[in-house]
Amino acid sequence: MKYNPEEVELKWQRYWESEGLFKTTEDNRKKFYCLEMFPYPSGKIHMGHVRNYAIGDVIARYKRMRGYNVLHPMGWDAFGLPAENAAINHGVHPAKWTYENIDYMKKQLKRMGLSYDWSREVTTCDPEYYRWNQWFFLKMYEMGLAYRKSSHVNWCPTCSTVLANEQVIDGACWRCDSEVVQKELEQWFLKITAYADELLEGCEKLKDGWPEHVILMQKNWIGKSRGVEVDFQIEGSDEKIRIFTTRPDTLWGATFVCLAPLHPMAERLTEDKKALEFIRSKYGMAEEKHGLFTGRYAINPVNNERIPIYVANFVLMEYGTGAIMSVPAHDQRDFEFAKLYKLPIKVVIQPEDGKLPEPLEEAYEDEGVLVDSAQFTGMSSPEAKEAIIKYLEEKGLGQAKVNYRLRDWGISRQRYWGTPIPIIYCDNCGIVPVPEKDLPVILPRDVELTGTGMSPLLNAEDFLYTNCPRCGSRARRETDTMDTFIDSSWYFIRYCSRKDEEALDRPKISYWMPVDQYIGGVEHAVLHLLYSRFFTRVLRDLGIVDFDEPFSNLLTQGMVCKETLRCPEHGWLLPEEVEDNKCKKCGRPVEHGRVEKMSKSKKNVIDPDYLIKRYGADTSRLFSLFAAPPEKDLEWSDRGIEGTYRFINRLWNLTLQRADDLKRVKDLPVKTNDKNIHLFRKTHQSIKKVTTDIERRFQFNTAIASLMELYNELSSFRADTDDDLTVMRFALKNLLLMLSPFAPHVAEELWELIGEKPSIFNQPWPTWDEEAASEQQIELVVQVNGKVRARIMIPVGLSDTEIKELALSDERVKKYTDGKELRKIIVVKGKLINIVV
RNA sequence: GCCGGAGUGGCGGAAUUGGUAGACGCAAGGGACUUAAAAUCCCUCGGGGCUUAGCUCCGUGCCGGUUCGAGUCCGGCCUCCGGCACCA
């Protein structure tokens, strides 16, 4: 019988479903929560999903066999802009588009044979899901964590809508390419900065379970820095300018003060409003520096020097106090600004070894020794920082201060396809939160999506107008919807109970949470993970959860990449548009580009549907796990998947050939002999290798390699006696057990074929016997002066002296040692001996 | 610019704490089977040299160091990939 993946896979998928094998409930076993980042239902799954979910499924199935009660859910990150664009471009309602995509993608995931408990499926655009977004928002509003503030946003004048930062490409709108302007708009914010320090400190707890670089990115994003705020008196005024600096050791080198263009004092101090307007228009443009002298001076509080006050486009209003002291000698930005406007540059830090050149060619930003700094002259930078902060505090001139680069999270979106923000604006009562009993505030279906105006909800009158919950008079609803990152900030908690159960079931949450293993792309290393960590802490403060960190372990998988093909005339090409290395359309030679992340625009994609049809789910999964370790990028290879397919076929054919014999014989124990002991030992070695490879950072590629080795041993084994067959049965059973998390369907089928009862997933993971795995003889490597000169087989357990004697008496070794003085002999147990002459 | 990560055969990748570099797979070459092809199976497979059943030298981006011994540790460079990018 020929291996027919589709037949085998559908058979077992039906079996698993009818047995309810992956339905999970709480019990007294040790739990394991295995979670993969849920997809956006964009239409079809792509190879990145295949890889992500294959990795997660191996872990879930493996942990299950190790006796854990495994929670392995799946759902849909279903709100978002593409649905709205589909509506605008193709006239299909976002809801219809989204739910149809979900249907299709769910079929695809089921066809992959993933071990999900679908009864917990989450769909974020479902009112029963997003009502909780609204509930959390109301709670945060009560806690003072949600507030409304006017802020500057990216605005596309052509589309007349707000753009997220990632939708601004080189200062232009991603959709229509027109120049993006800054506009002031009232927006809702969540006070994530209230948790800045906690989120930073929490990184320590993640050290064991998260990749170092992700923790680092989180830390950088939070960006804690210690410094001091200092007041500079404005000459001829009672007012002071408060600046923030992390370099109080350079205070004596300040030669001017700069205000952010939007600093309230910039307006007051500047006469030339036109010039100020110009500087404001250059705000945030990193390429060029622009400044405007206000005509006023400030007094440096430490030396009473009179220094000019500028407005500068590079000074950020959002960070620190929105004003800085400028020390051009020791800050490159200030240096460039000083050069541009011919301002003095005053050196107050000298490097420990040597002297700075005069004139300076660039700022000296490193630490050093203070000069020309009154009583602090001669101190080192770190020591001076402390001393000067103390001095400023004592004199009442300044105060130590910690700043974060993390900003509060702006969650308002002028879009339709998202969670309505549950707020009502009443002319009498002002901002009124929607009462909890009125949740969910349902997103109306019947709206017109044109893509050019403001939020379509502004035209949905039934939605827009309501009565004020406080005074009953006619009032308006908030028409902005929430950032979709809200949806994904707590979905892992919703999975803890089934769809038809209570959403925030505390005992269930405390049983399953935190997530033991989270798996997803590194593109979410900052935002999604940070927001989830923030939400978890808010939920903790609400008494809903009893832990701080939602994800104990994180695996960030690499991208799936493929070579790009390009015709000089027709652009990117699909493989089938190429023949004999030439473009089919024009016959020009094809350029083989770099190996890049698969993307539709570059046409270097592989369609999972095609793969599964051609090779089956098992081969597709196995290859994506074998081709590279999970956290590294995976390079697609057509030949590679053929090889994986051949492996499964070989295993299939071998099992079928011997199935009758193997069914006939008993399981172990058996008396091993010189011939079959190799296979017996190899099996134990393989169990050890595969288990440690999975346990130790999920090295599935090498685990699969050892399964192939075991297969190779098995296929070259000639079973002559029943004892031989028993050993063979033992080897094959273990091979199938170990293969089952990787290629579940074929493992299940072959398991049944050799007379075992399904399901293989109710079997425990095999264990190895250290003694049975150890070799009787080892190959000893003999080095002379570090070079390999001989390899000799020796029995295990010899003493160092015996090993030395054996090594020194070897002819090949003698050649190098004869007549020479032995200086030192190093013996590495069980491996190697190095003779130094 | 700053902060990370990586660089190993023709290719994807192995190599546990410093201890046999190249596991496993792919490609390639040779052979068996076949009327033939595909599929399958077997053998070879980092490079050079020699007196070629063997022996020997070189070899993990480059230069240096530590060590009996370095792909692995240390210092300095080069290239590629990712993140942040005026955060004072």
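Lettering of chains follows the sequences in order, A, B, ..., and the numbering in each one begins at 1. Any value given below was found using the heavy atoms of this structure, including those in side chains, with hydrogens, waters and symmetry copies removed. Remember, it's a predicted structure, so these values are computed and weren't measured experimentally.
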S.K.: Is it true that the side chains of A:Thr564 and A:Asn604 contain a donor and an acceptor less than 3.5 Å apart?
M.R.: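 No, no side-chain donor-acceptor contact under 3.5 Å.
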S.K.: Under 4.0 Å from OP1 or OP2 of B:rC26: is there any side-chain N or O of A:Arg646 that close?
M.R.: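 It does, given that an N or O in the side chain of A:Arg646 lies less than 4.0 Å from OP1 or OP2 of B:rC26.
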S.K.: Has the side chain of A:Tyr364 got a donor or acceptor atom that lies under 3.5 Å from a matching backbone atom of A:Glu367?
M.R.: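 Side chain of A:Tyr364 to backbone of A:Glu367: a pair is present.
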S.K.: Looking only at side-chain N and O atoms, does A:Lys219 come under 4.0 Å of OP1 or OP2 in B:rG83?
M.R.: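 For B:rG83, OP1/OP2 do not have a side-chain N/O of A:Lys219 under 4.0 Å.
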S.K.: Mind checking the P distance from B:rU8 to B:rA15? Whole angstroms is fine.
M.R.: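 These two P atoms come out 15 Å apart once rounded.
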S.K.: Does A:Gln783 get its side chain close enough to the base of B:rU20, under 3.5 Å, for a donor-acceptor pair?
M.R.: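 Check fails, no donor-acceptor contact within cut-off.
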S.K.: What nucleotide, of B:rC68, B:rC26, B:rC41, holds the atom closest to the side chain of A:Val836?
M.R.: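 So the nucleotide nearest the side chain must be B:rC68.
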S.K.: Would you measure the distance from the C1' atom in B:rU72 across to the matching atom in B:rC57 and give it in whole Å?
M.R.: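 24 Å, rounded to whole Å.
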S.K.: Do A:Phe623 and A:Trp636 pass the ring pair (Phe, Tyr, Trp, His ring centres under 6.0 Å) test, and can you show the C-alpha distance, the side-chain angles, and the key distance before you say yes or no?
M.R.: CA-CA 9 Å; A:Phe623 174 71; A:Trp636 181 260; 5.1 Å; yes
S.K.: Taking the side chain of A:Arg789 as heavy atoms from C-beta outward, which of B:rG19, B:rC57, B:rU40 is closest to it?
M.R.: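 My answer, after comparing the listed nucleotides, is B:rC57.
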S.K.: If you check the A:Val315 side chain, which of B:rA88, B:rC24, B:rG19 turns out closest?
M.R.: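 Nearest to the side chain of A:Val315 among the choices is B:rA88.
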S.K.: If you only use heavy atoms from C-beta on, which nucleotide in B:rG19, B:rG83, B:rA88 is closest to the side chain of A:Thr246?
M.R.: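 Of the options given, the side chain of A:Thr246 lies nearest B:rA88.
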S.K.: Can you tell me, in whole Å, how much space there is between the C1' of B:rU20 and that of B:rG59?
M.R.: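 The same atom, C1', in both gives a distance of 15 Å.
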S.K.: Find the distance A:Tyr711:OH to B:rC24:C1' and express it as a whole number of Å.
M.R.: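 Rounded to whole Å, this separation is 14 Å.
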S.K.: Quote, to the nearest angstrom, the P distance that separates B:rC74 from B:rA88.
M.R.: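 About 29 Å, rounded to a whole number of Å.
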S.K.: Can you tell me how far CD of A:Glu805 sits from CG of A:Leu808, rounded to the nearest 0.5 angstrom?
M.R.: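 So the CG of A:Leu808 and the CD of A:Glu805 are separated by 8.5 Å.
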S.K.: Start with the C-alpha distance between A:Glu642 and A:Arg639, add both sets of side-chain angles, then the distance that settles salt bridge (Lys or Arg N to Asp or Glu O under 4.0 Å), and finish with yes or no.
M.R.: CA-CA 5 Å; A:Glu642 289 281 352; A:Arg639 308 274 194 190; over 6 Å; no
S.K.: With rounding to whole Å, what would you report as the distance between B:rC78 and B:rC86 at their P atoms?
M.R.: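 To the nearest whole Å, 25 Å.
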S.K.: When you measure from the side chain of A:Lys289, which nucleotide among B:rC86, B:rA23, B:rC68 comes out closest?
M.R.: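 Looking only at side-chain atoms, A:Lys289 lies closest to B:rC86.
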S.K.: Under 4.0 Å between any heavy atoms, over every strand shown, what does A:Ser225 touch: base, sugar-phosphate, or nothing? Just pick one.
M.R.: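 Sugar-phosphate: the residue A:Ser225, judged by heavy atoms under 4.0 Å, touches backbone atoms but no base.
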S.K.: Checking all strands, does A:Val781 fall into the base, sugar-phosphate, or nothing category for heavy-atom contacts under 4.0 angstrom?
M.R.: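 A:Val781: base contact, heavy atoms under 4.0 Å.
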S.K.: Taking a pair as Watson-Crick (N1 to N3 plus N6-O4 or O6-N4) or G-U wobble (N1-O2 and O6-N3), both under 3.5 Å, which stems of 3 or more consecutive pairs involve RNA chain B?
M.R.: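 Expected stems, ordered by start: B:1-7 with B:78-84, B:10-12 with B:24-26, B:28-32 with B:40-44, B:46-50 with B:54-58, B:61-65 with B:73-77.
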S.K.: Which is it for B:rG9, anti or syn, if anything within 90° of zero counts as syn?
M.R.: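 B:rG9: syn.
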S.K.: Examine A:Lys289 relative to A:Phe314 and say whether NZ or CZ is less than 6.0 Å from the centre of the six-membered ring and inside a 45° cone about the ring axis.
M.R.: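 Yes, a cation-pi geometry.
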S.K.: Ignoring hydrogens and angles, state whether a donor on the side chain of A:Asn653 or A:Tyr3 is under 3.5 Å from an acceptor on the partner side chain.
M.R.: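 No, because no side-chain N or O of A:Asn653 sits under 3.5 Å from a partner of the opposite role on A:Tyr3.
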S.K.: According to a strict under-4.0 Å criterion, is A:Asn649 in side-chain N/O contact with OP1 or OP2 of B:rA39?
M.R.: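 Looking at the OP1 and OP2 atoms of B:rA39, neither is under 4.0 Å from any side-chain N or O of A:Asn649.
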S.K.: Select one nucleotide: of B:rA27, B:rG19, B:rA85, the one nearest the side-chain heavy atoms of A:Arg405.
M.R.: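 The answer is B:rA85.
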S.K.: Among B:rG25, B:rC86, B:rU20, find the nucleotide with the atom closest to the side chain of A:Asn712.
M.R.: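 So the side chain of A:Asn712 is nearest to B:rG25.
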S.K.: Hey, does the side chain of A:Asn649 reach the backbone of A:Tyr645 with a donor-acceptor pair shorter than 3.5 angstrom?
M.R.: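 Pair found, side chain donor or acceptor close to backbone of A:Tyr645.
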S.K.: Report the nucleotide, chosen from B:rC86, B:rC41, B:rA88, that has the shortest atom-to-atom distance to any side-chain atom of A:Ile324.
M.R.: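 So the nucleotide nearest the side chain must be B:rA88.
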S.K.: Remember a base hit wins even if backbone is also touched, and classify A:Glu642 as base, sugar-phosphate or nothing at under 4.0 Å, heavy atoms.
M.R.: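 Here A:Glu642 touches no strand at all.
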S.K.: One character per nucleotide, please: for nucleotides 3-18 of chain B, 5' to 3', B when the base has a protein heavy atom closer than 4.0 Å, S when only the sugar-phosphate does, - otherwise.
M.R.: SS-------BSSSB--
S.K.: Write down the distance separating the P atoms in B:rG10 and B:rC2, rounded off to the nearest Å.
M.R.: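 It comes out at 35 Å once rounded to the nearest Å.
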S.K.: May I ask you to check whether A:His290 and A:Phe278 place their ring centers less than 6.0 Å from one another?
M.R.: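 Between A:Phe278 and A:His290, which both carry aromatic rings, the centre distance is below 6.0 Å.
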S.K.: Tell me whether the rings of A:Tyr341 and A:Tyr310 are parallel (<30°), tilted (30 to 60°) or perpendicular (>60°).
M.R.: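 Because their plane-to-plane angle lies in the 30° to 60° range, the rings of A:Tyr341 and A:Tyr310 count as tilted.
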S.K.: How far does the C1' atom of B:rA70 sit from the matching atom of B:rG65, given to the nearest Å?
M.R.: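 The same atom, C1', in both gives a distance of 11 Å.
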S.K.: Between A:Arg247 (CZ) and B:rA88 (P), how many Å, whole number?
M.R.: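 Between P of B:rA88 and CZ of A:Arg247: 11 Å.
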S.K.: Report the nucleotide, chosen from B:rA88, B:rA23, B:rA21, that has the shortest atom-to-atom distance to any side-chain atom of A:Phe314.
M.R.: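 When the side chain of A:Phe314 is considered, B:rA88 is the closest of B:rA88, B:rA23, B:rA21.
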S.K.: Less than 4.5 Å apart, side chain to side chain, heavy atoms only: is that true for A:Ile519 and A:Met37?
M.R.: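 They are not in side-chain contact.
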S.K.: Which is more 5' along RNA chain B, the nucleotide nearest A:Glu336 or the one nearest A:Gly643? Just name the residue.
M.R.: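 This one resolves to A:Gly643.
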S.K.: Contact class for A:Val526 (heavy atom, under 4.0 Å): base, sugar-phosphate, or nothing?
M.R.: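 Since no nucleic acid heavy atom lies under 4.0 Å of A:Val526, the category is nothing.
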S.K.: Using the C1' atom in both, what is the distance from B:rG13 to B:rU66, to the nearest Å?
M.R.: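 It comes out at 30 Å once rounded to the nearest Å.
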S.K.: Starting at atom CZ of A:Arg407, determine the distance to atom P of B:rC84, rounded to an integer number of angstrom.
M.R.: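 One finds 14 Å between P of B:rC84 and CZ of A:Arg407, rounded.
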S.K.: With nearest nucleotides of RNA chain B determined for A:Arg791 and A:Gly223 from heavy-atom distances, which residue corresponds to the more 5′ nucleotide?
M.R.: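 On the 5' side of the pair lies A:Arg791.
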S.K.: How are the rings of A:Phe700 and A:Phe698 set to each other: parallel, tilted or perpendicular (split at 30° and 60°)?
M.R.: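 Ring orientation, 0 to 90° scale: tilted.
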S.K.: What is the distance, to the nearest angstrom, from the CD1 atom on A:Ile803 to the P atom on B:rU20?
M.R.: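 The distance from CD1 of A:Ile803 to P of B:rU20 comes to 16 Å, rounded to the nearest Å.
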S.K.: If you look at every strand shown and take non-hydrogen atoms under 4.0 Å, does A:Ser637 touch a base, only sugar-phosphate, or nothing?
M.R.: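 Answer is nothing: A:Ser637 stays at 4.0 Å or more from every strand.
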